Colleague: 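For reference, the structure I am asking about is given below.
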Amino acid sequence: MKISVIGAGYVGLTTAACLAQIGHDVFCAESDSDKLSKLQSGVMPLFEPHLEKVIEIARKAARLHFGSAGEAIDWGRAIFICVGTPPLANGDADLSAIEGVARAIAKRASGYRLVIEKSTVPVQTGAQLSRYLSVLSTNGLDYDVASNPEFLREGSAVEDFLHPDRIVVGVNSARAAQLLREIYEPVIAQEFTCPVHSDCPKCKDPVFLVTDTSSAELIKHASNSFLAMKISFINMVADLCEAVGADVTKVAQGMGLDPRIGPAFLNPGIGFGGFCFPKDVQAFIRIAEKSRCDFSLLREVDKINQHRVKQFVEKIQGELWVVRGKKVAIWGLAFKPNTDDVRFAPAIALAKSLLDEGASVSAYDPVAAEKAKAVLPNITYCADAYQAAQGADAILIVTEWEEFRHLDWKRLLSMVEQPLVIDGRNMFSPEEISGHGFRYISVGRAGAVPSPTAVADGKEYRSAQADKDVQESLA
Ligand code: UDX
């Protein structure tokens, strides 16, 4: 089927590429001319695992085209709206991009169109969209509006699209439901060439859930707010664990064994970031407020999360005594691993706070440095974790990138000014890092002091290393 996608961000680009992957003929529109020219010349404007490969396959098969919104509106009967809905100062979602697309469709489209909201929008946006299209359409537009919320996690968006637990469509007509079922048929049946796994298992049996539009819009905000609540809950428990000497890892493990709770999203840390949870929680609070419903529970979820970075800075002050003049290394800038997205990332707020305290900051992130530079120009960006650790009074782990699990701690011990690791993502066990000669502080667990043998080893290694450096410099 010819399908149009408007918006080529994380959601739009993944949606366009995956719809092409499952066999559709997709036209994707992007209004940012720089991003559009990159896409048209096969250059990725963002990092998302597997996405580049999927786009390449689709372009080679001539099933994925990039251009303007006007061309997209003419292209397919189904139009997915995947434009940004960023938060306004008061927490409301900014729907101006959605409104712009609706106006363009109303003025240009003739014949039938199924207009599908994939962007995360407040409940009743679909009803608003529908009214808008009927008032503004001048070309004999016959249309349906549907909600099809995305449940894509950055870092696994391609996988989440192709192997979803559920596909939710909110429709107000049988015609729209039928068309959406046709679009998603290959995913429902899990029948397509999977670009992620070689021998693709039928790893999911997706549920195709058909609801009314408003219910579908609410499912998205309610799901994200619930997951955010889970995270703030375990972070609150982590604070108590630190106060009473319990181990939050064990508490979370014990809780997660109850299938009604489940282990996922019970990892305590420096807080949730990204372009979804923070803004979706705020938007949900505003939606409830405007409907005169009391969502004070979510206000607390947001407050707990806002406080995480401040608490982390207090931990650093507790360990360094005087932060001014110290050098700290930040490992990880993206809001989570396997993405280059730094929007609402705790690392950005943390770095700014440390700079305000008079510390100097060196940072390393495998892919997010470029995007971080735009919002955090005055720190030192390093080529790897070692370079960031050189001369550091503290190593701060803020994003749990897999590569941080495979570092040479002996080498790190010889490079740091002080052997101190403060881990905001509980990546390691206290024993492991203290066994390498570092003091180790984390979240919701007792700190660990360096083991004497490791310190002795470290001294030996350091002197041997120093001798080696001297020999090399003499040579
Ligand atoms: C989220 C939802 O998971 C996804 O379904 C929705 O479509 C979009 O929003 P995303 O924002 O990409 O996806 O990332 P996610 O993996 O959910 O993590 C969000 C934040 O929560 C990250 O900063 C992560 O570090 C943090 N997190 C996650 C925790 O602090 N603890 C956890 O246990 C899990």
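Positions are given from 1 along the sequence. First listed ligand is number 1; within each ligand, the first listed atom is number 1. None of the values given here were measured: they were computed from a predicted structure.
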Colleague: I'd like to check which ligand 1 atoms, numbered from 1 as shown, lie under 4.0 Å from a non-hydrogen atom of F272.
Modeller: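 Under 4.0 Å from F272, ligand 1 has these atoms: 20 (C), 21 (O), 23 (O), 26 (C).
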
Colleague: Can you list the atoms of ligand 1 that are under 4.0 Å from a heavy atom of E154?
Modeller: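 Heavy-atom distances to E154 below 4.0 Å select 12 (O).
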
Colleague: Taking 4.0 angstrom as the limit and counting only heavy atoms of K336, give me the atoms of ligand 1 inside it, by number and element.
Modeller: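 Once the distances to K336 are compared, the set is 12 (O), 14 (O), 15 (P), 16 (O).
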
Colleague: Where on F277 is there a heavy atom closer than 4.0 Å to ligand 1, on the side chain, on the backbone, on both, or on neither?
Modeller: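 The side chain, only.
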
Colleague: Under 4.0 Å from a heavy atom of L266: which atoms of ligand 1 are those, numbered in the order shown and with their elements?
Modeller: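 Result: 33 (O).
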
Colleague: Between R308 and Q311, is there a side-chain donor-acceptor contact under 3.5 Å, judged purely by atom types and distance?
Modeller: yes

Colleague: Tell me the contacting part of D280 for ligand 1: side chain, backbone, both, or neither, using a 4.0 Å heavy-atom threshold, strictly below.
Modeller: neither

Colleague: Is the closest side-chain donor-acceptor distance between Q387 and Y364 under 3.5 Å?
Modeller: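 The answer is no; no qualifying pair exists.
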
Colleague: Please work out whether any backbone atom (N, CA, C, O) or any side-chain heavy atom from C-beta onward of T339 is under 4.0 Å from ligand 1, and answer side chain, backbone, both or neither.
Modeller: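 T339 to ligand 1: no contact under 4.0 Å from either part.
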
Colleague: Would you please classify the geometry between the W409 ring and the F438 ring as parallel, tilted or perpendicular, with 30° and 60° separating the classes?
Modeller: perpendicular

Colleague: Need the ligand 1 atom indices (1-based, order shown) with element for anything under 4.0 Å from a heavy-atom of K220.
Modeller: 6 (C), 7 (O), 8 (C)

Colleague: Please list the nearest protein heavy atom to atom 24 (C) of ligand 1 with its residue and the distance rounded to 0.1 Å.
Modeller: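 Heavy-atom neighbour on the protein nearest atom 24 (C) of ligand 1: F335 O, 4.1 Å.
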
Colleague: Applying a 4.0 Å heavy-atom criterion (strictly less than), which segment of N267 is in contact with ligand 1: side chain, backbone, both, or neither?
Modeller: both

Colleague: So which protein heavy atom does atom 34 (C) of ligand 1 come closest to, and at what separation?
Modeller: F265 CD2, 3.6 Å

Colleague: Quick one, R299 and E289 - any side-chain contact, counting heavy atoms below 4.5 Å?
Modeller: yes

Colleague: Nearest protein heavy atom to atom 30 (O) of ligand 1, by residue and atom, and its distance?
Modeller: R425 NH1, 3.3 Å

Colleague: So is R153 polar-close to ligand 1, meaning N/O to N/O under 3.5 Å?
Modeller: no

Colleague: Examine distances only and state if a side-chain atom of T85 and a backbone atom of V121 form a donor-acceptor pair shorter than 3.5 Å.
Modeller: no

Colleague: What's the shortest distance from atom 27 (N) of ligand 1 to any protein heavy atom, and which residue and atom give it?
Modeller: I231 CD1, 3.5 Å

Colleague: Are G273 and ligand 1 in contact, using a heavy-atom cut-off of under 4.0 Å?
Modeller: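 Yes; G273 lies near enough to ligand 1 that a heavy-atom distance drops under 4.0 Å.
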
Colleague: With distance as the sole test, does E154 use its side chain to make a donor-acceptor pair with the main-chain N or O of D341 at under 3.5 Å?
Modeller: no

Colleague: Report, in ascending order of atom number, the atoms of ligand 1 lying under 4.0 Å from any heavy atom of C276.
Modeller: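 Selected atoms, number and element: 8 (C), 9 (O), 11 (O).
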
Colleague: Look at the aromatic rings of F80 and Y184 and report parallel, tilted or perpendicular, splitting at 30° and 60°.
Modeller: perpendicular

Colleague: Residues in side chain to side chain contact (heavy atoms under 4.5 Å, CB included) with T380, at least two apart?
Modeller: S362, C382

Colleague: According to ring pair (Phe, Tyr, Trp, His ring centres under 6.0 Å), does anything in residues 239-283 pair up with another residue at least two apart or in another chain? List the pairs.
Modeller: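 Output for this query lists F272-F277.
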
Colleague: Does Q190 reach the main-chain N or O of D205 with its side chain, forming a donor-acceptor pair under 3.5 Å?
Modeller: no

